Amino acid sequence: MPDAHQGYGIPIGGVLGTKNEVIPYGVGMDIGCRMALSILDLPASYVDHHSYEIKNVLQEHTHFGNEGGLDSKPDHEVLENEVFQETVLLKKLHGKAARQLGSSGSGNHFVELGVIEVDEQNNLGLKGGNYAAILSHSGSRSLGANIAQYYTDVAMSKCKLPKEAKHLAWLDLNSEEGQEYWLSMNLAGEYAKACHDVIHQNICDALGVTILKAVENHHNFAWKEQLHDGREYIVHRKGATPAAKGVLGIIPGSMTAPGYIVSGLGNESSLNSAAHGAGRKMSRLKAKNSVTMSSLKKELQAAKVTLIGGSPEEAPGAYKDIELVMKSQTTLVKIEGKFHPRVVRMAKD
């Protein structure tokens, strides 16, 4: 994909189809990492006129970082999923999953309030114009990370590959371990969706608003899909957005750059996939050593963006130009709308 950069196994921004085998590192450590957008029944002007209130709501109703969770304990049907009782590992992870429900991780995970421009001719079922919107990016928290690490170790022990290729170790879906991973991966995906559901609902309840349209998609996952040769494949999208014909997705930029709502064009040469964001052009360490907090604040001020938390590691300059990324994939997706961040919440580092 045009936003690709180096990662373990396949690149972040890589797509791979296999025949009845699943590669845990082809999915990634943050299983079900995803985007969620809620277009609100509010005009765009609401965001600028209520920025102080929005900032307080984000501080009170979101939680970031590897430890802890929300002050209030959210309830969601995902915690009652019987799959949690299917394996010893999942039983052990249930308690922490309950504590972390509705929270977000560190790094490039975020929750934003902003303005979305919806094109007059769109596939969203909305009248063209500008709306207030919530955009979030996070995954399956400790649940997904533990599943990924456990089954990666299992795959490496059973699938002996050269050192340089060890992260491509796979599990046969006909094996007990392969079935367990598939079951666990899908549960982690449902849990990631539940976290976004809680985040968006809490913010909407606090602001007293309702959702007109929701758009969401995984970008660290594996799907069983029938491709152009008529055969079923396990399509791994590690940092890539599903883009089958007419499928809606979200491709974010950075804390100051816009993100895009897109609909897929069903391009078979990309295995019905598109970029999952701008993509890093600078490592977190390099960004931390290259960008000062003072210069980041000036950049945010110029873009009229309020940042809660965050760090130079996620500075806009650490990412590729989202406009160039979008121009590079006009054969993969159609743009349906454009999101501009205004109030951004992230982890501190």
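Bear in mind that the values here come from a model prediction, so they are computed numbers and not experimental data.
- The aromatic rings of H276 and H219 sit perpendicular to each other, their planes meeting at more than 60°, with 30° as the lower class boundary.
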| So W170 and H236, side chain to side chain contact (heavy atoms under 4.5 Å, CB included) or not? Walk me through it. | CA-CA 12 Å; W170 65 82; H236 302 70; over 6 Å; no

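- One distance of note links OH of Y8 with NE2 of H167; it measures 6.0 Å at 0.5 Å rounding.
- Counting all heavy atoms, side chain and backbone alike, K327 lies closest to T330 at O-CG2, 3.7 Å.
- Side-chain contact check for V333 versus M326: some heavy-atom pair is nearer than 4.5 Å.
- Classification of E314 and R280 as a salt-bridged pair holds, one side-chain N sitting under 4.0 Å from a carboxylate O.
- Classified by interplanar angle (parallel below 30°, tilted 30° to 60°, perpendicular above 60°), the ring pair H196/H200 is tilted.
- Atom-to-atom distance recorded for L173:CG and Y181:OH is 10.0 Å, nearest 0.5 angstrom.
- The distance from the CG atom of L332 to the OG1 atom of T241 is 10.5 Å, given to the nearest 0.5 Å.
- In this structure, V111 and I203 have side chains that are in contact, with non-hydrogen atoms separated by less than 4.5 Å.
- If you take CG on D3 and CD1 on I322, they are separated by 7.5 Å, rounding to the nearest 0.5 Å.
- For the pair R141 and G105, the tightest heavy-atom approach, listed with the atom from each and the gap, is NH1-CA, 3.5 Å.
- No side-chain heavy atom of T331 sits under 4.5 Å from any side-chain heavy atom of S270.
- In terms of hydrophobic clustering, with Ile, Leu, Val, Met, Phe, Trp and Tyr side chains grouped at heavy-atom distances under 4.5 Å, V154 and L93 are assigned to a common cluster.
- By the 6.0 Å contact criterion, CD on Q301 is open, its count of non-hydrogen atoms from other residues, nucleotides or ligands being 12 or less.
- With hydrogens and angles disregarded, a donor-acceptor distance shorter than 3.5 Å links the side chain of H50 to the backbone of Y46.
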| request: Test side chain to side chain contact (heavy atoms under 4.5 Å, CB included) on R345 and F110 and set out the steps. | output: CA-CA 6 Å; R345 176 89 196 263; F110 60 76; over 6 Å; no

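- Around NZ of K160, the count of heavy atoms belonging to other residues, nucleotides or ligands within 6.0 Å does not exceed 12.
- Side-chain atoms of W223 and R237, non-hydrogen and from C-beta on, do get closer than 4.5 Å to each other.
- For the residue pair Q201 / D205, a side-chain donor-acceptor distance below 3.5 Å is found, with atom types taken as modelled.
- Partners of Y151 under the side chain to side chain donor-acceptor pair (under 3.5 Å) rule, at least two apart in sequence or in another chain, are E180.
- There is no side-chain donor-acceptor pair under 3.5 Å between E112 and H137.
- Note on residues 32-41: pairs passing salt bridge (Lys or Arg N to Asp or Glu O under 4.0 Å), not counting sequence neighbours, are R34-E216.
- For Y150 and E177, the side-chain atoms include no donor-acceptor pair closer than 3.5 Å.
- Judged purely by distance below 3.5 Å, without hydrogens or angles, the side chains of N81 and E77 never pair a donor atom with an acceptor atom.
- In the hydrophobic clustering of ILVMFWY residues, with side-chain heavy atoms under 4.5 Å counting as a link, L168 and V235 come out apart.
- Q85 is listed as a side-chain neighbour of K91, based on a closest heavy-atom distance under 4.5 Å.
- K245 contributes atom NZ, which lies 10.5 Å from atom CG of N267 (distance to the nearest 0.5 angstrom).
- Side-chain atoms of H61 do not come within 3.5 Å of backbone N or O of A206 as any donor-acceptor pair.
- Between I134 and L40 the shortest side-chain heavy-atom distance falls below 4.5 Å.
- Side-chain atoms of S104 and H109 include no donor-acceptor pair closer than 3.5 Å.
- Annotation: K334, atom NZ; neighbour count of heavy atoms from other residues, nucleotides and ligands within 6.0 Å is above 12.
- Both I335 and I251 sit in one connected hydrophobic cluster of ILVMFWY residues. Membership requires side-chain heavy atoms under 4.5 Å apart, directly or through other members.
- Interatomic distance, OH of Y260 versus CD1 of I250, reported as 14.5 Å (0.5 Å rounding).
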| said: Checking R284 against N108 for the side chain to side chain contact (heavy atoms under 4.5 Å, CB included) test, could you report, in this order, the C-alpha distance in whole Å, the side-chain angles of both residues, the deciding distance, and whether it holds? | reply: CA-CA 10 Å; R284 287 190 168 88; N108 62 354; 3.9 Å; yes

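- In this structure, R342 pairs ionically with D48, as a charged nitrogen and a carboxylate oxygen lie closer than 4.0 Å.
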